[in-house]
Protein chains: 2
Amino acid sequence: MSLRYAVLGLIAELDGASGYDLLKMFEISLANVWPATQSQLYGELGKLADAGLIDAADEGPRGRREYAITEAGRAELHRWLLEIKPRKPMRDETLLRVFLLGNVTSREAQEYMRAETDRLDEALDGLAALDETVEWDDDDLSRYGRLVIEYGRRSIAMRRDWFEWARAEMRSFDEPAG
Amino acid sequence: MSLRYAVLGLIAELDGASGYDLLKMFEISLANVWPATQSQLYGELGKLADAGLIDAADEGPRGRREYAITEAGRAELHRWLLEIKPRKPMRDETLLRVFLLGNVTSREAQEYMRAETDRLDEALDGLAALDETVEWDDDDLSRYGRLVIEYGRRSIAMRRDWFEWARAEMRSFDEPAG
DNA sequence: CTTAGCATGTAAATCGTTACATGATTCG
DNA sequence: CGAATCATGTAACGATTTACATGCTAAG
């Protein structure tokens, strides 16, 4: 159900947005936190309107249809944000690989870890460069968005350090058990 | 497609396992990295067998059917582990909430962050306690599993620190922009 | 007038979750 | 025998991905 609230939340912050607007918004902001395709988005807009959580305006210029959040929508969003606790474990494909890394040779496994460390180093450099060019506004989306970006940075840094540490650990796997 | 390789990888490491065995294995090991339901598992076993990546033995005692990985399966697993790079962004419901936190009052948002910090502190305590009781074997699954557990610990610690930091940042949102 | 960008939708396939259904065997 | 555990499967629904299909409008 999370996409539903991602869409509802974006409509609430933009107030007056078309499916197309939201799609662009997803690309530049939510993409790394909760990706969504165009198909999914338009489908969700229909369901939200049916549920009375958003109002759809009549068709404008190019068949454009603007949506605005209703009072019921605001209440539902508020409830979801504060009262519903996420409890589903996140899927992490990289970790799944590490978990199964006993299926390749120790040499291959360590090389894999080294490549991942390098990749994350590059990602960190990229983020640092980005940070110098982006200008941040003072609206809610930008302010909370900045916090999420910093989360991303810390997350990458942690992964990088872990890969380096884990690779060192793996070197001891070759030695006879002690 | 990841579940496919999770199952294939587990069969490779256990060599000679039933759907039921794999299900139990998922619960105690992979659950936090790649959860799967019983339905999904049995479905995947059928598909893997159809694809010739695993061999199904005849029905044993209670309708039990043992699976073993084939050479083709090993090759495919090896390829996936080392050559396929994960590129899909991970979905993170908590981050989605933070992103949309401009939709509640600043007070509510900060209280939310504080609660999350506390929750993660508890999780860290729980992990520390667990670490003292669990005994680790010397097989691949245990060794790589231990690395994954450490990843989990670092991940939680990072999240905890970030929530604390972000909450402090949010206090400045109330002041007039500078 | 042609292209790029705006704008919306539908179809098909796969993946994931929940629930239901059934039967065999072991242990007390 | 009755309960717990072993063991497998199916049905239905919702979420996600990919691809296709269509038309409008602004700018060069």
Side-chain angles (χ1 to χ4, degrees), chain A residues 1-8 10-11 14 16-28 30-51 54 56-67 80 84 86-93 96, chain B residues 1-8 10-11 14 16-28 30-51 54 56-67 80 84 86-93 96:
Chain A
M1 298 290 296
S2 295
L3 177 64
R4 174 174 198 152
Y5 295 100
V7 175
L8 191 55
L10 267 193
I11 293 177
L14 300 176
S18 64
Y20 193 82
D21 293 338
L22 291 166
L23 193 59
K24 296 298 150 184
M25 217 44 200
F26 260 86
E27 281 168 11
I28 63 169
L30 272 172
N32 294 299
V33 165
W34 207 271
T37 61
Q38 180 254 27
S39 282
Q40 247 181 313
L41 235 159
Y42 282 104
E44 205 62 49
L45 284 171
K47 290 187 218 160
L48 282 167
D50 287 348
I54 57 176
D58 293 335
E59 282 194 10
R62 310 176 191 181
R64 178 190 175 90
R65 199 187 292 278
E66 289 226 346
Y67 296 94
W80 181 79
I84 311 293
R87 74 251 161 273
K88 295 192 210 129
M90 297 183 280
R91 293 187 159 85
D92 189 322
E93 198 176 321
L96 174 58
Chain B
M1 296 291 295
S2 296
L3 176 63
R4 174 171 200 156
Y5 296 99
V7 175
L8 190 56
L10 268 192
I11 292 177
L14 299 177
S18 64
Y20 192 84
D21 292 338
L22 291 166
L23 193 59
K24 296 297 150 186
M25 219 41 202
F26 260 86
E27 280 167 11
I28 63 169
L30 272 171
N32 293 300
V33 165
W34 209 272
T37 61
Q38 178 255 25
S39 284
Q40 247 183 311
L41 236 160
Y42 282 104
E44 206 60 50
L45 285 171
K47 290 187 219 161
L48 283 167
D50 287 347
I54 58 176
D58 293 335
E59 283 195 9
R62 307 174 191 183
R64 178 190 175 91
R65 198 188 293 276
E66 289 225 347
Y67 295 95
W80 180 78
I84 310 293
R87 75 257 159 268
K88 294 193 212 128
M90 297 183 280
R91 292 188 159 81
D92 188 324
E93 197 175 322
L96 175 59

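Below, chains carry the letters A, B, ... as their sequence lines are ordered, and counting in each starts from 1.
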For the side chain of [X], counting heavy atoms from C-beta on, which of [options] is nearest?
| X | options | answer |
| --- | --- | --- |
| Arg65(A) | dT18(C), dT16(D), dG9(C) | dG9(C) |
| Arg91(B) | dT17(D), dA7(C), dC6(D) | dT17(D) |
| Ser39(A) | dA15(D), dT17(D), dA11(D) | dT17(D) |
| Lys24(B) | dT8(D), dC6(D), dT18(C) | dC6(D) |
| Thr37(A) | dG9(C), dT17(C), dT18(D) | dT18(D) |

Handout entry: salt_bridge(Arg91(B), Glu93(B)) N-O dist < 4.0 Å
Key =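 Salt bridge: no.
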
Just N and O in the side chain of [X]: are any of them under 4.0 Å from OP1 or OP2 of [N]?
| X | N | result |
| --- | --- | --- |
| Gln38(A) | dG9(C) | no |
| Tyr42(A) | dT8(C) | yes |
| Lys88(B) | dT18(D) | no |
| Arg64(B) | dA7(D) | yes |
| Arg62(B) | dT5(D) | no |

Starting at [atom1] of [X] and ending at [atom2] of [N], how long is that distance when rounded to a whole Å?
| X | N | atom1 | atom2 | answer |
| --- | --- | --- | --- | --- |
| Glu44(B) | dG9(D) | CD | P | 14 Å |
| Glu59(B) | dT25(C) | CD | P | 11 Å |
| Leu41(A) | dT18(D) | CG | C1' | 16 Å |
| Met25(B) | dC6(D) | CE | C1' | 17 Å |

Practice task
Count the heavy atoms of every other residue, nucleotide or ligand shown that sit under 6.0 Å from CG of Asp50(B), and state whether that count exceeds 12.
Solution key: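 Yes, CG of Asp50(B) has more than 12 neighbouring heavy atoms, counting only those of other groups under 6.0 Å.
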
Exercise for the section: Decide yes or no, distance alone: a donor-acceptor N/O pair under 3.5 angstrom between the base of dT8(C) and the side-chain of Ser18(A). Expected result: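 Between dT8(C) and Ser18(A), which were checked side chain against base, a qualifying N/O pair under 3.5 Å is absent.
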
